[in-house]
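If you're wondering where the values come from, they're calculated on a predicted model, not measured in any experiment. The chains referred to below are lettered A, B, ... by the order of the sequence lines, with proteins before strands, and numbering in each begins at 1.
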Amino acid sequence: MPSHLDADELFYVMSGEGTISILYQENRETYEIRQGDIMMIPAGSIIYQVNKHQTERLRIAMLLCPVSMPGHFVEFMQAGGQNPETFWNSFSDEILEAAFNAPKESFERVFQRQRKGEIFRASDEQIKALSKSSKGKLGKPFNILNKRPSFSNNHGQLFQVTSDDYAQLKEGDIDVSIVNITRGSMMAPKYNSRATKIAIVVQGCCDFEMACPHVSRESGEEEERGREWEREEESEREWRRERGREREHGSERGEHGSQRIETEGHTYSPVRSRVCRGDVFIIPAAHPVVAVASRDNDLQIVCFGIKAENNMQVFLAGKNNVLKQMEKEAKELAFNTPATEVDRLLNAQPESVFFAGPGEARHGHGQGHASE
Amino acid sequence: MPSHLDADELFYVMSGEGTISILYQENRETYEIRQGDIMMIPAGSIIYQVNKHQTERLRIAMLLCPVSMPGHFVEFMQAGGQNPETFWNSFSDEILEAAFNAPKESFERVFQRQRKGEIFRASDEQIKALSKSSKGKLGKPFNILNKRPSFSNNHGQLFQVTSDDYAQLKEGDIDVSIVNITRGSMMAPKYNSRATKIAIVVQGCCDFEMACPHVSRESGEEEERGREWEREEESEREWRRERGREREHGSERGEHGSQRIETEGHTYSPVRSRVCRGDVFIIPAAHPVVAVASRDNDLQIVCFGIKAENNMQVFLAGKNNVLKQMEKEAKELAFNTPATEVDRLLNAQPESVFFAGPGEARHGHGQGHASE
Amino acid sequence: MPSHLDADELFYVMSGEGTISILYQENRETYEIRQGDIMMIPAGSIIYQVNKHQTERLRIAMLLCPVSMPGHFVEFMQAGGQNPETFWNSFSDEILEAAFNAPKESFERVFQRQRKGEIFRASDEQIKALSKSSKGKLGKPFNILNKRPSFSNNHGQLFQVTSDDYAQLKEGDIDVSIVNITRGSMMAPKYNSRATKIAIVVQGCCDFEMACPHVSRESGEEEERGREWEREEESEREWRRERGREREHGSERGEHGSQRIETEGHTYSPVRSRVCRGDVFIIPAAHPVVAVASRDNDLQIVCFGIKAENNMQVFLAGKNNVLKQMEKEAKELAFNTPATEVDRLLNAQPESVFFAGPGEARHGHGQGHASE
């Protein structure tokens, strides 16, 4: 059913194949789409899609970025009966007659006869006719799975697409990544320095763990929570929402201990969940996370990254563990442990990014330790 | 009265003529202004205006874009008694004495003697003296009515100014348009792909209709509405407010009908209103609208477009109706009607953008149909 | 203690000297820091700092610009016991064992042995080792006090750093300024045209006065305030929060007085406060302010400016008083006072930016008047 949204749409084809037609700037553009394709469609474009495959579902994940009201979008259906209804029902008969220069009955026969819902069956000939691609200004989809993975080993693969690959991602400050994790394997503990990730499980299941200071603070008393909200409302009154605070660093170095400053008391509550095909979850910036694929199936996750520019992935274990960069003295001070012991731990994991998962790693243990 | 705002100001001169003086960057700039002029004045500039005409009112529409608190602006008056009050009243006498290096009485004689309100009568000599233009960095106003209309026929005219014409619109991502509709005529059903329009009726009256899914959903039960708000608050916690959702497209093509997916049930409530001179209304992005000028007067509307960059106007009836771009098969499927009947309807209106209005169009009807 | 934030951090060293180490993009960068230095650190960088001085405190003011939730930031500590706790406590033992390829005990010995809090004493050798600077992509801090002041006289000095001096300020649209006011002197009444300033008193005390229309309006009845909030919530639903309003200017110039329009009635409440070392206060855009240093101590304030691009400081008294730019006739009309009297007042203060304060200015008075 042709329709348009008040939102920019970034889609990822999770499985299947078909075509998408887009009425944009007084032209029609039609593109083939298949598993792995991403494409950005500007708000207000009228689109319709066809599943070309005889048996397979066409599964599409969409990120909608509303252009009008934050957090809300609306869809406008061209044709329809009651469900979906066409937006044309909103207009007076006499205005529609004047606009189309035709009697009411002609109008109704076209715009109000569709009774099959939003999605309906087409004949093979119709599908064939609708599958002729015709290019235009939007440009064809980008296939993320055809790109060389940015990281790959026996335990998993990471594919990433930024605005360098697909320029249409630039304006929305978005990136897209695909994570494949072999059954039973895991992704290294890591965090994103500035991007928030919206993750959708394409196939398989995983155990997901995250450290989250918000939860612990807010799950306190209800009263405190009310105050939280008030503060938030107040702070939203300030346009750019920045905050200054002052931190005093210890002084008079002889006095040992007496300058310890009472902080808010950082406590992190574990966020743990099993997520499976079709589940969506959010990974906020800076929050350390780990994902372990279930032993039954390989795992695939697609992530839309928001505020993607200048984002870094920071790995906290494995060969490229960022903590290895600390000076010997900093390690000793920070961890209150001899640097050799710190180094032994940081060097025990020989892999990067994707590791053997819990249970599978027993063998590696001995190796890891032995190799030092 | 000289004053400044914590908002960027874009103004449009609806009628009359005069001058505007702007104290900006330690200089004074004075420009003549007349009907059709637009001008952007940066926040914090101290401005005052003069009506030069003997009999005509100087009517100015302003779009204020607050730089500090979203949705709020404040004005600071230099001089005044009680209404308006000058902001100088806020300061201690001893501080004012030190700042101006003068006794309190001298200060009061200057800043607190004005008792005539915000607008007051000037002599012909004063007006003449205040009318000497002196250019500066801001540059003179741009007259939108001197530009060639982007569309014009017997039924109406459309004037548009973007940052290509007047570069100062670029930073605020704004455009300005003037719509003239001949009495009794109408503008085609259309929507803006991404801009929100703030419309002000300059003269005449019009019947305005809009399709709006928000109204129908939110006018439901109060409880549902409460939940709406909660969701909104939650979503505002996420910095960029995007939303992912997954849509599954029909599969197993033999099963005809069984894959119909229950959607939220799109229902659109008509928004209908008669708006007249001085009325302001908002047209959100993607919402189809129609406007019909009353039979008594020609209609003029000024529209400030917010998020104007890359906005397209999409016409849904008339010669440039975007639906004409659909393939024959897509028309048949979408409308569940033979393509010839769809085409007959889409081709019946021979005009673009502005049409004969309801009642006036009878004659055209026959023609439209006969011409096929 | 090494930790990272979900916020960009701009810091200013108020006093002392030390080093800062930053783990950024798989490298470590270490820089010396001392009084007057500013530096921007991207969100997600792991940082730790050392106070190198034997006796002096290292005092640092930070502006945190959250990248995730507006108005909120969170900190993630690498190591710790209970206060602070390390975020590593959030993860399951078996996942940590697999990630680090090491038994639980090894992990605990490194990440959970630190019991000294966030700040702890280091030996002279450790400090020496941690003080070796190693440059990288972030670039070294910029010392604002080494720059030539943008204004200086006997009564005070103004130092300003923009993105022209330190490019890292560009993306956040921030500037930094230092105001030194001699004991007993004052800064001229002035406002910022578009920036909001977050001010922190580094040393001394000052009497601060501001004209603020918000306060007067909102300190009305509670009911009105509730309505305010509702309006604000509504307006936040519109993405860009602009507002149009129409103002009619007087006409029929003969009718004198009859066109006075009832405005909201501008009333400004004085905001007056004594602020001292460690106090933080906000100066919204366009709000006129005055600051007088106490007679006991020289005053130093650091200001972080938000939305700094194209900001102007507009001075309302002194040699560069912007009102001097008004035409003779405009002065007479606006102030309802002979222009000579207006000029006498505006010219009485011979200094710019920083003046003698209340009490100290007596002598100048006579001079100011006599010189005309």
Counting C-beta onward and ignoring hydrogens, is there a side-chain heavy-atom pair between [X] and [Y] closer than 4.5 Å?
| X | Y | answer |
| --- | --- | --- |
| B/R194 | A/D8 | yes |
| A/F91 | B/P189 | no |
| B/L323 | A/I46 | yes |

Below 4.5 Å from any heavy atom of chain A, which atoms of [X] appear? Answer side chain, backbone, both or neither.
| X | result |
| --- | --- |
| B/N310 | side chain |
| B/N321 | side chain |
| B/A334 | both |

Exactly one of B/P213, B/P270, B/S269 should register a side chain to side chain contact (heavy atoms under 4.5 Å, CB included) with A/S90. Which one does? B/P270
On a heavy-atom basis, which atom in A/R109 and which in B/T337 lie closest, and how many Å separate them? O-OG1, 2.9 Å
Enter the distance from [X]:[atom1] to [Y]:[atom2] here, rounded to the nearest 0.5 Å.
| X | Y | atom1 | atom2 | answer |
| --- | --- | --- | --- | --- |
| A/E26 | B/Q325 | CD | CD | 7.5 Å |
| A/E108 | B/L345 | CD | CG | 11.0 Å |
| A/S123 | B/L333 | OG | CG | 7.0 Å |

If you take the centroid of each ring, where Trp contributes its six-membered ring, are B/H287 and A/F87 closer together than 6.0 Å? no
Do the rings of A/H4 and B/Y191 sit parallel, tilted or perpendicular, given the 30° and 60° boundaries? parallel
Give me the one residue out of A/K132, A/Q126, A/R28 that meets side chain to side chain donor-acceptor pair (under 3.5 Å) with B/E327. A/R28
Heavy-atom pair count under 4.5 Å with chain B, highest-scoring of A/S21, A/A99, A/A43: A/A99
Expected output: side-chain B/Q349 to main-chain A/A98 donor-acceptor under 3.5 Å: yes
Under 3.5 Å, is there a donor-acceptor pair between the side chain of B/Y268 and the main chain of A/N89? no
Only pairs of heavy atoms separated by less than 4.5 Å count here; which of B/Q313, B/E332, B/M187, B/M210 has the most with chain A? B/M210
